[in-house]
There are 2 protein chains.
Amino acid sequence: MTVSKETIVKASIRILDREGVEGLSMRTIAKELGIKASSLYWHFNGKQELYGAISEDLCLRLKMPAESDSPRDYLSEIYNAYRAMLLSVRDSVPVLENSMPNTPRRLEIIRAISAAFLIMGVPAEKLMTISNLFNNYVLSFVADECRFKNRTAEEIREFEKLLSPHDKTLLRVPDDFDGQFLYGLQVMFAGLEAVGSA
Amino acid sequence: MTVSKETIVKASIRILDREGVEGLSMRTIAKELGIKASSLYWHFNGKQELYGAISEDLCLRLKMPAESDSPRDYLSEIYNAYRAMLLSVRDSVPVLENSMPNTPRRLEIIRAISAAFLIMGVPAEKLMTISNLFNNYVLSFVADECRFKNRTAEEIREFEKLLSPHDKTLLRVPDDFDGQFLYGLQVMFAGLEAVGSA
DNA sequence: ACCTGAACACCGTTCAAGT
DNA sequence: ACCTGAACACCGTTCAAGT
């Protein structure tokens with residue numbers, strides 16, 4: 001049996017889940033497939049292109065919500081599905097961040113989001129800024145969420161040593177990530193409405 | 001003459017400005033200083049710690065604004081100074097992103113920002129989420145800004161080939177980054193006020 | 001069409017040894 | 001106190017050669 005773009009991407013995602021992005025190298029991917037690293041270059045032009053294919057595969061798992069009367073509800077559902085997808089594969093965030101959204105599914109998602117923001121009244125010249133704002137929010141939130149969840153007890157102690165008692169009440173990390181995520185979205189949507197109607 | 005943490009950090013920033021983060025390795029830093037890579041480990045425990053020191057140095061350049069009656073104005077000034085600082089050194093964003101904010105200046109900035117958000121009425125349990133939201137906004141905005149500014153003509157053509165005419169009007173990249181940056185801040189502040197007073 | 005072998009030019013890090 | 005030499009265990013990528 002011979003490998004394909006498909007099997008390479010699936011093998012990459014298995015490694016990602018098992019060892020994280022640090023463990024994802026052309027050599028480990030090849031080993032997972034029983035071939036040599038140099039063979040991968042027949043299928044992909046480089047690591048960047050492979051990252052693009054992995055990202056596309058991840059985005060295909062993102063269940064797009066049914067159309068809705070309310071663009072805000074529609075967008076909320078997309079971003080919740082987006083976060084769920086990111087949380088479902090270890091270190092998906094750095095992979096997404098290091099690839100270009102130039103594949104069909106990713107363009108489809110961008111189009112759907114853009115259309116919804118336009119309906120919400122976001123002016124065309126602000127569209128890019130707003131969709132980047134929301135997109136970066138989701139990516140950064142999940143990145144932070146994973147960082148916090150994976151802190152070792154050692155790291156926590158190390159960090160808390162630097163904080164005054166007053167700091168600690170200030171910098172408390174909330175544990176209801178779902179609620180915090182929704183709150184951030186709410187703030188941004190409310191801001192959009194407030195500024196749009198000004 | 002012998003090197004010090006100080007001179008190592010300065011040399012690193014020179015390399016960053018000249019070659020970007022891709023060109024910043026323990027070996028290139030050592031070469032810049034006329035020593036060997038292994039010597040750097042006497043001064044820093046590893047690359048992560050060096051990144052922390054570079055980030056601290058960058059944050060020391062950030063001119064903190066004078067106290068203000070309006071926490072919103074105060075925060076706006078901080079975030080504008082933050083962006084200006086990030087733009088002043090090539091690839092500062094990935095360095096900041098890959099280091100922990102556990103140094104004096106960075107903690108000072110976090111405290112000042114937290115205090116201002118509290119005065120604005122952000123509830124304590126949302127503080128972390130909100131300050132992360134704003135912090136990630138600035139980092140991501142500047143990262144995107146630099147990506148756009150450094151696109152080669154080749155890359156632009158390559159990407160535009162994939163877009164329909166309709167897409168192009170949608171995904172137009174605005175060129176007034178200052179205005180777009182302010183707009184995003186405005187949206188988030190407005191959202192904070194709207195949600196806070198709800 | 002698909003894969004290998006061998007090489008190139010790099011990485012971060014460790015550690016005994018030097019001065 | 002500060003630095004070197006040499007090694008270890010890796011990277012991404014290229015390309016002539018194999019089947």
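Source: prediction; values computed, not measured. Naming convention: chains lettered A, B, ... in sequence-line order (proteins, then strands); numbering from 1 in each chain.
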Tell me which pairs pass ring pair (Phe, Tyr, Trp, His ring centres under 6.0 Å) where either residue lies in residues 11-34 of chain A, with sequence neighbours left out.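 Counting only pairs at least two positions apart or across chains, no ring pair (Phe, Tyr, Trp, His ring centres under 6.0 Å) contact touches residues 11-34 of chain A.
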Residue pairs, two or more places apart or on separate chains, that pass ring pair (Phe, Tyr, Trp, His ring centres under 6.0 Å) and touch residues 13-63 of chain A: none
Sequence neighbours excluded, which residues qualify as ring pair (Phe, Tyr, Trp, His ring centres under 6.0 Å) partners of A/Phe189?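 Partners of A/Phe189 under the ring pair (Phe, Tyr, Trp, His ring centres under 6.0 Å) test: A/Phe134.
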Is B/Ser131 reaching over with its side chain to a backbone N or O of B/Ser114, donor-acceptor style, under 3.5 angstrom?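 Pair absent, no side-chain N/O of B/Ser131 close to backbone of B/Ser114.
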Write down the distance separating the P atoms in D/dA9 and C/dA9, rounded off to the nearest Å.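 Going atom to atom, P in each nucleotide, I get 23 Å.
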Separation of the C1' atoms in D/dC2 and C/dA17, to the nearest angstrom: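 That atom pair is separated by 13 Å.
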Taking NZ, NE, NH1 and NH2 as the nitrogens, is one of them in B/Glu32 or B/Arg18 under 4.0 Å from a carboxylate oxygen of the other? yes
Of all nucleotides in DNA chain C with an atom under 4.0 Å from a non-hydrogen atom of chain B, which is the first and which the last going 5' to 3'?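 Nucleotide range with atoms under 4.0 Å of chain B: C/dC11 to C/dC15.
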If each of A/Ser39 and A/Leu24 is mapped to the nucleotide of DNA chain D with the nearest heavy atom, which maps nearer the 5' terminus, i.e. the 5' end?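 Residue closer to the 5' terminus by nearest nucleotide: A/Leu24.
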Hey, does A/Ser38 reach any base, or is it just sugar-phosphate, or nothing, if we go heavy atoms under 4.0 Å?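 Here A/Ser38 touches the bases of the nucleic acid.
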Taking any heavy-atom pair under 4.0 Å as a contact, classify B/Thr2: base, sugar-phosphate, or nothing.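 It contacts sugar-phosphate atoms only.
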Row check, A/Phe177 ring normal vs A/Lys149 NZ/CZ: under 6.0 Å, within 45°: yes
All side-chain contact (heavy atoms from CB on, under 4.5 Å) counterparts of A/Arg105, not counting sequence neighbours: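 A/Arg105 satisfies side-chain contact (heavy atoms from CB on, under 4.5 Å) with A/Glu56, A/Cys59, A/Leu60, A/Met64, A/Glu108, A/Ile109 only.
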My understanding is that only residues two or more places apart in sequence, or in another chain, count here; which of them pass side chain to side chain donor-acceptor pair (under 3.5 Å) with B/Lys5? none
In chain order, what residues pass the side chain to side chain donor-acceptor pair (under 3.5 Å) check against A/Arg83, with sequence neighbours excluded?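 Side chain to side chain donor-acceptor pair (under 3.5 Å) list for A/Arg83, sorted by chain: A/Glu145, A/Asp178.
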Which residues pass the salt bridge (Lys or Arg N to Asp or Glu O under 4.0 Å) test with A/Lys63, sequence neighbours left out?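 Residues passing salt bridge (Lys or Arg N to Asp or Glu O under 4.0 Å) with A/Lys63: none at all.
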Quick check on contacts: within residues 28-35 of chain B, what sits under 4.0 Å from DNA chain C by heavy-atom distance? B/Thr28
Filter on salt bridge (charged side-chain N to carboxylate O under 4.0 Å, His left out), then keep only pairs touching residues 127-137 of chain B, sequence neighbours left out; what's left?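 Sorted result for residues 127-137 of chain B: empty, none.
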B/Tyr74 and B/Asp69: side-chain donor and acceptor closer than 3.5 Å?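 No.
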Watson-Crick and G-U pairing of DNA chain C, under 3.5 Å, as dot-bracket with | and [ ]: ||.|||||...|||||.||
Sub-4.0 Å heavy-atom contacts from residues 41-55 of chain B onto DNA chain D, ordered by number: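 Residues of residues 41-55 of chain B under 4.0 Å from DNA chain D: B/Trp42, B/His43.
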Ring centroids only, cut at 6.0 angstrom: are A/Tyr79 and A/Tyr137 within range, meaning strictly under it?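 A/Tyr79 vs A/Tyr137: aromatic centres not under 6.0 Å.
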